[in-house]
Amino acid sequence: MGTKSQRGQHEEGEGDGEPMSRMMLTLLLVAVFVVVSLFWENHVCDHTQTLIDTVEQAIQALDQNGDFAKSGQWMREFEERWQHVHDTWETMIAHAKLMDIETAFMQAQSAIGDEDKAEAMMQLVALKVALEHLADSHALSLENLL
């Protein structure tokens with residue numbers, strides 16, 4: 001056992017690294033958050049772009065050729081892709097944004113089934129805009145962090 005003054009010095013010496021440890025832990029947590037956010041952003045952007053490309057194909061089929069059958073095929077492909085990501089996104093993305101996409105999808109699909117070109121085009125564009133907004137709102141940016 002040391003004297004009281006030796007114990008006091010030893011205890012003080014142990015506490016010197018504590019602020020540094022806390023700072024390192026904080027920096028590590030921030031780095032992990034940034035890495036996870038980048039992976040999530042990449043996931044959302046990749047899948048959103050695939051969905052947008054599918055909607056653009058449906059728009060093109062309808063706009064250039066008035067081909068409701070082909071546009072309907074693209075919408076069925078969209079639905080399959082949407083089901084693939086929807087469950088994952090449902091836990092991380094605001095439900096209102098997902099509902100906007102689903103509503104535009106259902107209305108576009110209905111208009112294509114009714115062969116109403118003007119309504120179908122309007123709803124397909126609304127669907128595309130909703131998807132673009134989703135991608136923009138989940139990009140890692142200062143604006144989205146604040």
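We number each residue from 1, following the sequence as shown.
Gln49 and Asp53 share a donor-acceptor pair across their side chains, judged by distance under 3.5 Å alone.
Closest non-hydrogen pair, Ala111 versus Glu119, comes out as CB-CG, 3.6 Å.
Using a 4.5 Å heavy-atom threshold, the side chains of His86 and Glu102 count as touching. With contacts defined as side-chain heavy-atom distances shorter than 4.5 Å, the pair Trp89/Thr48 qualifies.
Hydrophobic clustering (ILVMFWY, side-chain heavy atoms < 4.5 Å, transitive): Val35 and Leu29 are in distinct clusters. Hydrophobic clustering (side-chain heavy atoms under 4.5 Å, transitive across Ile, Leu, Val, Met, Phe, Trp, Tyr) keeps Ile112 apart from Met122. In terms of hydrophobic clustering, with Ile, Leu, Val, Met, Phe, Trp and Tyr side chains grouped at heavy-atom distances under 4.5 Å, Met99 and Val125 are assigned to different clusters.
Of the inter-residue distances, the one linking Thr50 atom OG1 with Asp46 atom CG reads 6.5 Å to the nearest 0.5 angstrom. Atom CG of Leu127 and atom CD of Glu132 lie 10.0 Å apart (nearest 0.5 Å). A distance of 9.5 Å separates CG of Asp114 from CZ of Phe68, quoted to the nearest 0.5 Å. Atoms CG and CE, from Leu62 and Met121 in turn, are 6.0 Å apart once rounded to the nearest 0.5 Å. Taken from CD1 in Ile59 to CD in Gln123, the straight-line distance is 11.0 Å, to the nearest 0.5 Å. How far CZ of Phe78 is from CD1 of Ile101: 6.5 Å, rounded to the nearest 0.5 Å.
Every residue two or more places apart in sequence or in another chain that forms a side chain to side chain donor-acceptor pair (under 3.5 Å) with Thr54 is listed here: Arg81. For Ala58, the side-chain contact (heavy atoms from CB on, under 4.5 Å) test picks out Ser71, Trp74, Met75, Leu124, with sequence neighbours left out.
Remark: His84 NE2 is loosely packed, at most 12 non-hydrogen atoms of other residues, nucleotides or ligands lying under 6.0 Å away.
Checked for salt-bridge contact, Glu18 and Arg22 meet the test: a charged N lies under 4.0 Å from a carboxylate O.
Pairs engaging residues 59-72 under the salt bridge (Lys or Arg N to Asp or Glu O under 4.0 Å) rule: none recorded [sequence neighbours left out].
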Exercise. side-chain contact (heavy atoms from CB on, under 4.5 Å) between Glu77 and Gln57: does it pass, once the steps are laid out?
Worked result: CA-CA 10 Å; Glu77 185 171 327; Gln57 291 293 327; over 6 Å; no

